[in-house]
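Let me begin by presenting the structure, written as structure tokens, before commenting on it.
Keep in mind that what you see is a predicted model, and the values were worked out from it rather than measured.
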Amino acid sequence: MRVVMRTPDLLSFALRSLGGARTRTLLMLLAMSIGVASVVLLTALGEGARRYVVGEFAQLGTHLLIMLPGRSETTGGAPPLLGATPRDLTLDDAMALLRERSILRVAPLTVGNAPVSYGSREREVTVIGATADFFPIRHLTIGSGSSLPALDPGRGASVVVIGSGLRRELFGSQRALGQWVRIDDRRFRVIGILGEGGESLGQDLDDMAVIPVASAQVVFDTPSLFRVLIQARSEDDIERAKKAAREIIRERHDGEDDVTIISQDALLSTFDRILGALTYTVGGIAAISLAVAGILIMNVMLVAVSQRVAEIGLLKALGAPERQVLRLFLVESVMLAAAGAALGVLIAVAGIFVLREVFPTFPIAAPLWATPAAVGVAIVTGLVFGVLPARRAARLDPVHALSGR
Amino acid sequence: MIELTGIERDFAVGDETVHALSQVSLSLPDGDYVSVMGPSGSGKSTLLNVLGLLDRPNAGSYRLDGVETTDLPEERRAALRRNHIGFVFQAFHLVPRLSAADNIGLPMVLAGVAPDARKARVHEVLDSLDLLDRAHHRPDQLSGGQRQRVAIGRAIVMKPGVLLADEPTGNLDQHAGGEVVGLLERLNGAGITLIVVTHDPAIGRRARRRIRMVDGRIESDESGDAHT
Ligand SMILES: Nc1ncnc2c1ncn2[C@@H]1O[C@H](COP(=O)(O)OP(=O)(O)OP(=O)(O)O)[C@@H](O)[C@H]1O
Ligand SMILES: [Mg+2]
């Protein structure tokens, strides 16, 4: 005849034991809930960082390829022979890419720092030489005035589109459109102001000036391009565009494969992987606090066992077999762990809510696996660390326990 | 029916062996009323623990209702304790966080009795102990006599055949002690086998059968009508 306590009785007995030692129970709940909350919150931050970067990349432009002069060594090709300096990447190279059907837009870029001045005010900013297509590729909007004219990219023009921050600094409350500014001793007429774009991957778009690429080549005195942005026609066209662009440049460079083409998607998936791994790592580190909470639970339950020796002796005298005493104490630790975990989840949800309110642009969100994993680990911890105290209780000698010796 | 034959219980204390019980043989018919007296350390509590299946003798035989108990697995001995034996302790040993009613119902909770049946039986016991108005009081809200009555209620709630009491009046004043003894005798009158360990000769004399222990042995075993 196996007699087993009814489950509701088991739970209510454990609950009352926990209620009987309120301070201890609350401290345990706190320890466990902090563990669970930190796992959920930290992974939420990691996931938020991942989403943020993915979002930033999307903002950078869709179906984007970036071409740089010089062969990247990371692909494992033979290093360039001594003296075989890569050829310049020229404007004509860039424009030749438009031959390819899978390529929608091309933006040749020359970038440098130069002083921009109006009257007595002067600012050193990033000056970008580009074409009209640069704006749609990078999803940049014009706040007022117009974009760069869509002329033959080989022809320079003395016009400039400036960021709103730069406009404020140079012109204050004065009207900027139509005014002439100096960039490195050359005069440019302000024809457009960028919309309040904010920041993109660390580049402050508010603080830059965009001039026609041919003019920039004159200002910076270089025939070579800094890079070429290539926008493929569609997602499926990215690979084809990449291959074709490489082929076109090789043809134009006497069979020399001397450019590097980065696909944004590859870059993105790399970041995605790194930040994903980071989230797991952070979650794992936070899980250590769960183990600490588990050890605390063990400690508290050991104290509880030694304080309740007489009660355990009594239970045995009343006919509770060892495994029943074992179960009673295990249920107590698991209940502690589970209640602590539930509290932790609440704290984490509240924390995420608050962070969202404070940083509305940061897409913080707990990954789907984090909450069940944290709660699961907490409960398993309670079970594992509850075994030792429960066994100690179950093995108590009732005569000894009741005599109080 | 309880039958002890040649029971030995030794404790090793350091290098020495203490013979807490030696060559104890005893036969108690159902419904008997026995008092156990003797000097401190004579083995009275040890005898009670052996009778209550809390302790295992080193040698000898203990048959409870014809079943040899000394070689039963712990699980079976727990089941026998649950269903056939009730304990009353000097220190009451009530669970402090449980009400009087819940303390009395505890053995049935451990035995997995359904709540309805439990409630009915606890009510019955509380009624017979005259404790209905204290049902929801916790032990610290009860007097010593009331606590011991609750403990007795807990001991009989499973309707055991044997009631073992180790100095049940040791922590009580004379009046409360008298009440408790009266209650135990009433239960014995209803058929339960009652074994009381006591230091109080007045209480010891009341039993139909009086056992005196010295140094782990039964020194005398008198039966006969209690004299007043
Ligand atoms: N767990 C133990 N370990 C060692 N010795 C023990 C143990 N339990 C009892 N003894 C010894 O066995 C002997 C009998 O003890 P027991 O408790 O049965 O005495 P008692 O007659 O109940 O005494 P009292 O009237 O003081 O309660 C004593 O000498 C005691 O020291
Ligand atoms: Mg004793």
Side-chain angles (χ1 to χ4, degrees), chain A residues 1-25 304-332 335 390-391 393-405, chain B residues 9 11 13 20 45-50 52-56 73-99 102-118 138-139 151 154-155 157-158 160 164 166-167:
Chain A
M1 178 184 62
R2 285 173 81 83
V3 183
V4 175
M5 249 174 109
R6 295 161 161 264
T7 309
D9 290 335
L10 192 66
L11 296 182
S12 89
F13 190 88
L15 205 59
R16 289 207 225 181
S17 315
L18 292 174
R22 214 159 271 142
T23 322
R24 210 165 56 202
T25 302
V305 168
S306 61
Q307 283 183 347
R308 281 156 62 190
V309 164
E311 179 189 322
I312 295 161
L314 173 78
L315 293 177
K316 290 190 149 187
L318 297 181
E322 280 193 12
R323 61 187 162 76
Q324 190 156 309
V325 175
L326 184 88
R327 202 174 300 138
L328 269 176
F329 279 81
L330 266 188
V331 165
E332 272 188 42
M335 269 168 93
R391 277 167 77 132
R395 292 191 177 159
L396 272 181
D397 169 20
V399 174
H400 213 266
L402 284 167
S403 72
R405 263 189 289 242
Chain B
R9 184 64 176 107
F11 292 105
V13 181
S45 295
T46 307
L47 176 64
L48 221 57
N49 290 334
V50 168
L53 298 171
L54 284 177
D55 203 1
R56 246 183 239 263
E74 193 43 50
E75 194 103 337
R76 288 285 311 281
R77 289 164 60 88
L80 284 177
R81 281 202 295 276
R82 193 157 58 228
N83 296 307
H84 296 283
I85 294 166
F87 284 97
V88 178
F89 308 95
Q90 177 177 354
F92 317 135
H93 286 311
L94 297 176
V95 180
R97 56 184 181 277
L98 298 184
S99 68
D102 287 343
N103 265 292
I104 290 175
L106 186 56
M108 288 194 289
V109 167
L110 294 173
V113 176
D116 285 349
R118 228 153 63 197
R138 272 183 287 116
R154 180 182 63 196
V157 76
M158 294 289 287
L164 305 173
D166 197 345
E167 297 184 35

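- Without hydrogens or angle criteria, A:Gln324 side chain to B:Leu110 main chain gives a donor-acceptor distance under 3.5 Å.
- The greatest number of non-hydrogen atom pairs below 4.5 Å with chain A, out of B:Arg77, B:Arg154, B:Arg81, B:Arg97, is found for B:Arg97.
- Surrounding CZ of B:Arg76 are at most 12 heavy atoms belonging to other residues, nucleotides or ligands under 6.0 Å away.
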B:Val95/A:Arg16 under side-chain contact (heavy atoms from CB on, under 4.5 Å): CA gap, chis, key distance, verdict: CA-CA 11 Å; B:Val95 180; A:Arg16 289 207 225 181; over 6 Å; no

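- Shown here for A:Arg6 and B:Pro115, the closest heavy-atom pair between the two residues is NH1-CD, 3.8 Å.
- Most heavy-atom pairs under 4.5 Å with chain B: of the set A:Gly319, A:Ala320, A:Pro398, A:Ala310, this distinction falls to A:Gly319.
- In this structure, no portion of A:Leu10 lies under 4.5 Å from any heavy atom of chain B.
- Of the two parts of B:Arg138, neither the backbone nor the side chain holds a non-hydrogen atom closer than 4.5 Å to a non-hydrogen atom of chain A.
- Highest contact tally toward chain B, considering only A:Gly19, A:Ser17, A:Gly20, is held by A:Ser17 [criterion: heavy-atom pairs under 4.5 Å].
- Among the candidates B:Asp166, B:Leu94, B:Ile85, B:Val113, the residue making the largest number of heavy-atom pairs closer than 4.5 Å to chain A is B:Val113.
- Looking at B:Ala114, both its backbone and its side chain come within 4.5 Å of chain A, counting heavy atoms on both sides.
- Remark: B:Arg56 CZ is packed, more than 12 non-hydrogen atoms of other residues, nucleotides or ligands lying under 6.0 Å away.
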Derivation of the side-chain contact (heavy atoms from CB on, under 4.5 Å) call for B:Asn49 and A:Leu402: CA-CA 10 Å; B:Asn49 290 334; A:Leu402 284 167; over 6 Å; no

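- Side-chain contact between A:Asp397 and B:Asp55 is absent, with no heavy-atom pair separated by less than 4.5 Å.
- Here the CG-OG distance, from B:Leu54 to A:Ser403, works out to 11.0 Å after rounding to the nearest 0.5 Å.
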